[in-house]
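Input: a single structure, listed below in structure tokens.
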Amino acid sequence: MPELPEVETVRRSLETYVVGRRLRQVVGVWPRAIEGGSPEAIQARLSGRRIVGLERRAKFLSLVFDDDARLLVHLRMTGKLYPESSRRRAPEERSSHISARLELSGGLRIVFEDQRRFGRLTLLNDGAAYRRFSDRFGPEPLEAGFSLDWLRHNLQVHRRMIKPLLLDQSFLAGLGNIYVDEALWLSGIHPLESAHQIDDERVGRLRRAIRQVLRRSIKANGTTFMNFRFLGGQSGGYTDQLLVFRRDGQPCLRCGQMVTKMRVAQRGTHVCESCQPRPSGAPSTQRGRRRAKTSSESSDSPPRPL
DNA sequence: CAGAGCACCTGTGGGC
DNA sequence: TGCCCACAGGTGCTCT
């Protein structure tokens, strides 16, 4: 599930609950949810420490403690993080899906629920460890480091296809499948295009598109398909504003041609082949498999500009 | 370096 | 109706 806007939504929703409290204990941990450590090690290192911040880096949440230790949370596909009391009535919650509970001072419990159990907790002992962690990622797309010059230069030096490059967290932090498709559609760039072949004008459009979709989605509290939720089970409002993602078989909102679904970098990819012209040398590999968009309709419906 | 395939998990929905 | 399989918002590994 969660990409930058969803993780940021969770961060904002939890910040006021957790900052200022002390961690009492970590309970109910599914041991494999701990990355490179153990529940006991987390417990020993963090219990009694005060939480002084809740930050986000890429798609990680980072509980910052008063002595610079951190507890990282990655929600992966289906993870949720919420104060227990706010979710009493959430119908889909199942105890078998709980990966951990954090007991904080004042009787607050934060639940880490994760249906698919991909989500992970990671303990970082000090600021140096955090620096090493943070250095694995590219710039944050909503911060100053993601400048036009930076993007122009760094697209130039890669021969990879643009979509997998934008999904690569070490290149740019925080984008996932939804917002890459959205940003490429907005900027009129085909996902198979080689990064270094994107001309300056489209680089500028791409940068604006990335920032626009992320900002708007954060404003709407993210996107919900299956099960992204925050606080008391609220879902993201950006789902209604999606421009191309999951709109395969429907007319493109810009030109009216049918939006198609293909496979790029093993990910479902939504594209308007008319607004996002396929690069000349691109392999036409895409095995559409089942989902075949052919959608049984006559292939050419009249373009309907909107 | 770049890309494919798979592994990690569970649930859901489409096709037959 | 029910079974089987592909697929799902992410990431990290191996192999070519």
Side chains of residues 60-74 of chain A: which donor-acceptor partners sit under 3.5 Å, not counting sequence neighbours?
{"residue": "A/S62", "atom": "OG", "partner": "A/R70", "partner atom": "NH1", "Å": "2.8"}
{"residue": "A/D66", "atom": "OD1", "partner": "A/R49", "partner atom": "NE", "Å": "2.7"}
{"residue": "A/D66", "atom": "OD1", "partner": "A/R49", "partner atom": "NH2", "Å": "3.4"}
{"residue": "A/D66", "atom": "OD2", "partner": "A/R50", "partner atom": "N", "Å": "3.3"}
{"residue": "A/D67", "atom": "OD1", "partner": "A/A69", "partner atom": "N", "Å": "3.2"}
{"residue": "A/D67", "atom": "OD2", "partner": "A/R45", "partner atom": "NH1", "Å": "2.9"}
{"residue": "A/D67", "atom": "OD2", "partner": "A/R45", "partner atom": "NH2", "Å": "2.9"}
{"residue": "A/R70", "atom": "NH1", "partner": "A/E55", "partner atom": "OE1", "Å": "2.9"}
{"residue": "A/R70", "atom": "NH2", "partner": "A/E55", "partner atom": "OE1", "Å": "3.4"}
{"residue": "A/H74", "atom": "ND1", "partner": "A/R76", "partner atom": "N", "Å": "2.9"}

Discussion item. Under 4.0 Å from OP1 or OP2 of C/dT11: is there any side-chain N or O of A/Q169 that close?
Written reply: yes
Practice prompt. Give each stem of DNA chain B as a range with a range, requiring at least 3 consecutive Watson-Crick or G-U wobble pairs whose two distances are under 3.5 Å.
Written response: B:2-8 with C:10-16, B:10-16 with C:2-8
Worksheet, complete the sentence: Residue pairs meeting side chain to side chain donor-acceptor pair (under 3.5 Å), one or both in residues 21-30 of chain A, sequence neighbours left out, come to A/Q25-A/E103
Item to complete: Output yes when a side-chain donor or acceptor of A/R247 lies under 3.5 Å from a complementary backbone atom of A/G249, and no otherwise.
Response: no
Response to the item:
Under a 4.0 Å heavy-atom cutoff, the residues of residues 116-139 of chain A touching DNA chain C are A/R116, A/F118, A/R136
Worksheet item: Do the side-chain N or O atoms of A/K163 get closer than 4.0 angstrom to the phosphate oxygens (OP1, OP2) of B/dG3?
Response: no
Worksheet entry | Presence of A/H74 side-chain N/O under 4.0 Å of C/dT11 phosphate oxygens OP1/OP2 | yes
Item to complete: Rounded off to whole Å, could you give me the CG-to-C1' distance for the A/L72 and C/dG10 pair?
Response: 16 Å
Fill in: Whole-angstrom distance between C/dC5 and B/dC6, as gauged at atom P
15 Å
Worksheet entry | Distance (rounded to the nearest 0.5 Å) between A/F146 CZ and A/E140 CD | 11.0 Å
Item to complete: Would you list the pairs meeting side chain to side chain donor-acceptor pair (under 3.5 Å) in which at least one residue belongs to residues 167-185 of chain A, sequence neighbours left out?
Response: A/E6-A/Y179, A/R160-A/D168, A/K163-A/N177, A/K163-A/D181, A/D168-A/S170, A/Y179-A/S217, A/Y179-A/T223, A/D181-A/H270
Discussion item. I need the CZ-P distance between A/F225 and B/dG13, as an integer number of Å.
Written reply: 14 Å
Discussion item. A quick test of your reading: do over 12 heavy atoms of other residues, nucleotides or ligands sit less than 6.0 Å from NE2 of A/H196?
Written reply: yes
Practice prompt. May I ask you to evaluate whether A/R160 reaches the phosphate of B/dC1, defined as a side-chain N or O under 4.0 Å from OP1 or OP2?
Written response: no
Practice prompt. In whole angstrom, give the distance that lies between atom CE of A/M77 and atom P of C/dG10.
Written response: 6 Å
Fill in: From A/C275 atom SG to A/E273 atom CD, the distance as rounded to the nearest 0.5 Å
10.5 Å
Item to complete: Quick one: do A/T78 and A/F118 satisfy side chain to side chain contact (heavy atoms under 4.5 Å, CB included)? Show the steps, please.
Response: CA-CA 8 Å; A/T78 53; A/F118 284 169; 5.9 Å; no
Worksheet, complete the sentence: Between NZ of A/K80 and P of B/dT10 the distance, given in whole Å, is 14 Å
Worksheet item: Between atom CZ in A/R263 and atom P in B/dC6, what is the gap in whole Å?
Response: 12 Å
Discussion item. Any base atoms under 4.0 Å from A/F245, or only sugar-phosphate, or nothing? Heavy atoms, all strands.
Written reply: sugar-phosphate
Discussion item. For A/S187 and A/R202, which I'm curious about, is there any donor-acceptor pair between the side chains at under 3.5 Å?
Written reply: no
Worksheet item: Under 4.0 Å: is that the gap between some side-chain N or O of A/H158 and OP1 or OP2 of B/dA2?
Response: yes
Item to complete: Find the distance A/D168:CG to B/dA2:C1' and express it as a whole number of Å.
Response: 11 Å
Fill in: Between B/dA4 and C/dC7 - P atom distance, rounded Å
15 Å
Worksheet entry | P-based separation of C/dC3 from B/dC8 [nearest Å] | 25 Å
Item to complete: Sticking with atom P, work out how far B/dG5 lies from C/dA6, rounded to a whole angstrom.
Response: 14 Å
Worksheet item: For A/V157 and A/Q266, take the nucleotide of DNA chain B holding the closest heavy atom to each; which residue's nucleotide lies nearer the 5' end?
Response: A/V157
Worksheet item: Taking the same atom, C1', in B/dT12 and in C/dT11, what whole-Å distance lies between them?
Response: 22 Å
Item to complete: Please list, chain by chain and in numerical order, all residues satisfying salt bridge (Lys or Arg N to Asp or Glu O under 4.0 Å) with A/E201, sequence neighbours excluded.
Response: A/R205
Item to complete: Would you mind reading off the distance between A/L166 atom CG and B/dA2 atom P, rounded to a whole angstrom?
Response: 13 Å
Worksheet item: Among C/dG9, C/dT11, B/dG3, which is the nearest nucleotide to the side chain of A/R76?
Response: C/dT11
Worksheet item: Say you draw a straight line from CG of A/L206 to CG of A/L166; how long is it, rounded to the nearest 0.5 Å?
Response: 5.5 Å
Fill in: Spacing between A/F60 atom CZ and C/dG10 atom P, to the nearest angstrom
13 Å
